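Everything numeric in this text was worked out from a predicted model, so none of it was measured. The chains referred to below are lettered A, B, ... by the order of the sequence lines, with proteins before strands, and numbering in each begins at 1.
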There are 2 protein chains.
Amino acid sequence: MAGKLTQNEKFERDLLRGSLDLMVLSVLADESHYGYSIQKRLSAASMGKVKLPAGTLYPLLHRLETDKLIRSRWEESTGRKRKWYELTAKGKKRLKVQVSQWHQYAQCVTNLVNGKGAQPKPSG
Amino acid sequence: MAGKLTQNEKFERDLLRGSLDLMVLSVLADESHYGYSIQKRLSAASMGKVKLPAGTLYPLLHRLETDKLIRSRWEESTGRKRKWYELTAKGKKRLKVQVSQWHQYAQCVTNLVNGKGAQPKPSG
DNA sequence: CTCACATGTATCGGTTGTCTATATATAGAT
DNA sequence: ATCTATATATAGACAACCGATACATGTGAG
């Protein structure tokens, strides 16, 4: 019954792992969301590439809330209870720092895989 | 006694985690290396950002070798024994795929954190 | 009503992978 | 003999992701 990931899928998943917090925080930067809508937004924004399972998302959200980076409130409409999340001031600050770190990191890895990792010869 | 990471350091470390294999493979794409030299090369290429601990590097190298992405041979000079690694054909192929996936992934996350994640209105 | 499915939140447990600490060994400097 | 740098290796602690599972509501088909 498998569920076994191919090596390609495994790599993509590993890549994602390092920046899940950043991505969720980024989604919440635009506007408030509830868990399920974060899933959908992330999937849409990544053109289907990011599929955050519920078993990953909710514990992650709880961790972010414990760290006071986001806060939540329950809200009901049409009989549906949803737990809405928004960034705290601390969360906004952290996001800003992480975005900056992301750009540096991404540039660094990109240079490395392109064989330009801080080598002594800028000429040519 | 500490050893406690700050949240910033933790984030940078998490970012790294997703692409360790890619980075090691990339270093080996240029030329053969032994473990210790991979550490140094990675540190230099990332301007000190990447500090791969030995306890991470060697198990990682063993995993890569088990997967037949790299191969090793012991070589001695001036009394120093070093285990040299090089990419296998399979490893080269995998690296190529992973580099491509990295670029897609990086672009995707960059768009997301810049608030441009596949939104319906390109006009304006 | 019942079935199936999408929506919506939540937790447990297995698995995987990183990191600290530790062990071993060579070699040059003091 | 001790310190530092080089060089490889493993064990155990710890953190995190994710599949499976559970629960509840709403809608449309039969």
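- What you find for A/Leu25 and A/Leu95 is that their closest heavy atoms are O-CD2, 3.7 Å.
- Between the side chains of A/Gln107 and A/Asn111, at least one donor-acceptor pair of N or O atoms lies under 3.5 Å.
- The side chain of A/Ala54 approaches C/dT9 more closely than any other nucleotide in the set D/dT8, C/dT9, C/dT18.
- For the ring pair (Phe, Tyr, Trp, His ring centres under 6.0 Å) test with A/Trp84, the passing option among A/Tyr34, A/Trp74, A/Tyr36 is A/Tyr34; the others fail.
- Atom P of nucleotide D/dC17 and atom CG of A/Leu42 are separated by 13 Å, given to the nearest angstrom.
- Taking atom OH of A/Tyr85 as the reference point, atom P of C/dG8 lies 14 Å away to the nearest angstrom.
- Atom CD in A/Glu76 sits about 15 Å away from atom P in D/dA24, given to the nearest Å.
- Along DNA chain C, the nucleotide closest to A/Arg82 and the one closest to B/Leu52 are compared, and the more 5′ of them pairs with A/Arg82.
- One interatomic measurement links the two molecules: CG of A/Leu57 to C1' of C/dG8, which rounds to 11 Å at whole-angstrom precision.
- Closest to the side chain of B/Arg13, out of D/dT8, C/dT9, C/dC19, is C/dC19.
- Residue A/Arg80 contributes atom CZ, which lies 10 Å from atom P of C/dT9 at whole-angstrom precision.
- Within the model, atoms CG of A/Leu52 and CG of A/Leu57 stand 4.5 Å from one another, a figure rounded to the nearest 0.5 Å.
- Of the listed nucleotides (C/dT18, D/dC17, C/dT9), C/dT9 has the atom at the smallest distance from the side chain of A/Tyr58.
- For residues 59-72 of chain A, proximity to DNA chain D is found at A/Arg63, defined as any non-hydrogen atom under 4.0 angstrom from a strand atom.
- Contact annotation: A/Tyr36 side-chain N/O to C/dT9 OP1/OP2 distance is not under 4.0 Å.
- For B/Tyr105 and A/Ser19, the side-chain atoms include at least one donor-acceptor pair closer than 3.5 Å.
- B/Leu20 comes within contact range of the sugar-phosphate backbone alone, with a heavy-atom separation under 4.0 Å but no base atom that close.
- Distances shorter than 4.0 Å separate none of the side-chain N or O atoms of B/Lys10 from OP1 or OP2 on C/dC19.
- Rounded to a whole Å, the CH2 atom of B/Trp74 is 16 Å from the P atom of C/dT24.
- With distances taken from any side-chain atom of B/Thr56 to the nucleotides C/dT18, D/dT8, C/dT9, the minimum falls on C/dT18.
- Within the 4.0 angstrom heavy-atom criterion, only backbone atoms of the sugar-phosphate kind lie near A/Gly35; the bases stay farther away.
- By the 6.0 Å contact criterion, NZ on A/Lys81 is open, its count of non-hydrogen atoms from other residues, nucleotides or ligands being 12 or less.
- For A/Arg17, the side-chain atoms get nearest to D/dC17 when compared with the rest of D/dC17, C/dA10, C/dT18.
- Listed pair A/Lys40 / C/dG8 fails the phosphate criterion, with no side-chain N or O lying under 4.0 Å from OP1 or OP2.
- Partners of A/His103 according to the side chain to side chain contact (heavy atoms under 4.5 Å, CB included) rule, which considers only residues two or more places apart in sequence or in another chain, are A/Val99, B/Thr110, B/Val113, B/Asn114.
- With a 4.5 Å cut-off on side-chain heavy atoms, B/Glu75 and B/Arg73 count as touching.
- Remark: C1' of D/dA24 and NZ of A/Lys83 are 16 Å apart, rounded to the nearest angstrom.
- Taking atom CZ of A/Arg73 as the reference point, atom C1' of C/dT9 lies 17 Å away to the nearest angstrom.
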